[in-house]
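We use all heavy atoms of the structure for the numbers below, so side chains are in, but hydrogens, waters and symmetry mates are not.
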Amino acid sequence: MQIFISGGCKNGKSAHAERVAIQLHKNSGPLYYIATMTPTDYEDEKRIARHQNERAGANFTTIEQPRNIEGILEKCDTSGSFLLDSLTALLANEMFLICGSFDKNAHKRVATGLEAILTHIENIVIVSDYIYSDAVLYDPLTELYRKSLAHVDRLMAAHCDVVLEVTYGQIIAHKGGKDYDAMA
Amino acid sequence: MILIFGGAYQGKTAYAREHFGDKTIVNNFERIVLDWIKAGECLENNLQHFIEKNSSSVIVCTDISCGVVPIDPTMRKWRECVGRAMVLLTQKSNKVIRIYCGIPTTLK
């Protein structure tokens with residue numbers, strides 16, 4: 001089953017995604033955690049450490065893949081189960097380059113990579129962030145990032161069997177609710 | 001009146017065109033409200049007039065209600081006015097649909 005999860009910041013998306021990935025896995029084959037964040041400051045390091053602690057009990061094999069997401073197809077046993085957290089970091093890494101410039105077509109590369117993954121991996125949970133409902137007129141670059149992430153989100157929502165919104169730990173199934181209930 | 005709302009770039013307009021292409025579609029209602037505010041116009045009158053004029057239209061609005069309180073007074077007023085206007089529009093609409101990642105949920 002392919003599951004897309006989004007929602008607001010600190011609403012419990014990652015924790016829920018981990019539970020769902022463990023349920024999907026059912027103790028057969030490897031269980032992978034695809035880490036996408038490249039820490040840029042102390043806050044990021046703390047966030048990563050907290051997520052690592054939360055995952056410590058479950059047997060996740062962590063694969064660092066901050067760019068070129070299709071690269072996991074060569075590194076992993078694709079018959080396993082996957083948790084990809086998050087599209088937000090993945091797109092930021094592809095879009096904002098280390099040299100200081102940016103790639104306005106990053107979402108196309110990310111989309112192609114993700115579509116390749118979904119063709120080969122049957123059991124995957126993909127996490128993104130819902131950053132679309134605030135009253136701010138952003139600068140063109142931030143607006144481009146929001147538009148690009150939404151493009152990738154909608155594509156994943158269209159491909160996946162199940163689409164979940166996590167709001168303060170509560171789950172709203174926008175797609176595939178019956179399949180999700182049967183599994184959970 | 002039919003009301004379609006959701007976050008930015010969620011596929012609201014595409015949904016409106018696909019399902020209600022035969023009707024008048026009024027896009028970016030939140031921007032219309034911002035124009036009223038910037039012009040210093042009376043919101044109540046404008047809104048009343050807007051509702052009368054668009055009784056059989058499809059209104060598309062970006063939900064801007066879920067962020068931090070804006071520091072800028074105009075943005076703050078914008079957020080509050082869109083919120084209040086939307087509560088009225090949902091009451092006046094026969095159908096209210098929220099779009100999330102391209103997926104519709106009918107709320108009314």
Grouping I, L, V, M, F, W and Y whenever their side-chain heavy atoms are under 4.5 Å apart, do [X] and [Y] come out in a common cluster?
| X | Y | answer |
| --- | --- | --- |
| A/L83 | A/M183 | yes |
| A/Y145 | A/Y130 | yes |
| A/V162 | A/L87 | no |
| B/V58 | B/V26 | no |

Query raised in the report: Is it true that a side-chain atom of A/Y132 and a backbone atom of B/C101 form a donor plus acceptor pair closer than 3.5 Å?
Result: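 Side chain of A/Y132 to backbone of B/C101: no pair is present.
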Query raised in the report: Is A/S133 reaching over with its side chain to a backbone N or O of B/D63, donor-acceptor style, under 3.5 angstrom?
Result: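 Pair found, side chain donor or acceptor close to backbone of B/D63.
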[X] atom [atom1], over 12 foreign heavy atoms within 6.0 Å:
| X | atom1 | value |
| --- | --- | --- |
| B/H49 | NE2 | no |
| A/Q170 | CD | no |
| B/R31 | CZ | no |
| B/R17 | CZ | no |
| A/K104 | NZ | no |
| A/N59 | CG | no |
| A/E122 | CD | no |
| A/K75 | NZ | yes |

Query raised in the report: Do the rings of B/Y100 and A/H174 sit parallel, tilted or perpendicular, given the 30° and 60° boundaries?
Result: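 Rings of B/Y100 and A/H174: parallel, under 30°.
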Do [X] and [Y] have side chains that approach each other closer than 4.5 Å (heavy atoms only, starting at C-beta)?
| X | Y | answer |
| --- | --- | --- |
| B/Y9 | A/H151 | no |
| A/V136 | B/R79 | no |
| A/D134 | B/I64 | no |

Report task. Against chain B, label A/S128 side chain, backbone, both or neither, depending on which of its atoms sit under 4.5 Å from a heavy atom there. Result ->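 Answer is neither: A/S128 stays 4.5 Å or more from chain B.
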Requested in this report: Please report the closest heavy-atom contact between B/A8 and A/A150, naming both atoms and the distance.
Outcome: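 So the minimum-distance heavy-atom pair works out to O-CB, 4.4 Å.
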Query raised in the report: How close do A/R154 and B/G102 get, heavy atom to heavy atom, and via which atoms?
Result: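 Looking at all heavy atoms of both residues, the shortest contact is CD-N, 3.9 Å.
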Query raised in the report: Can you tell me how far NZ of A/K175 sits from OG1 of B/T105, rounded to the nearest 0.5 angstrom?
Result: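 B/T105 atom OG1 to A/K175 atom NZ measures 13.0 Å (nearest 0.5 Å).
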**Report entry** Heavy-atom pair count under 4.5 Å with chain B, highest-scoring of A/S6, A/C9, A/A158
**Finding:**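 Sorted descending by pairs with chain B, the first entry is A/S6.
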Query raised in the report: With chain B, which of A/E165, A/E143, A/R146, A/M156 has the greatest number of heavy-atom pairs at distances under 4.5 Å?
Result: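 Looking at each of A/E165, A/E143, A/R146, A/M156 in turn, A/E165 comes out on top.
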**Report entry** Residues from residues 82-89 of chain B approaching chain A under 4.5 Å (heavy atoms)
**Finding:**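 Checking residues 82-89 of chain B against chain A gives no residue, so none.
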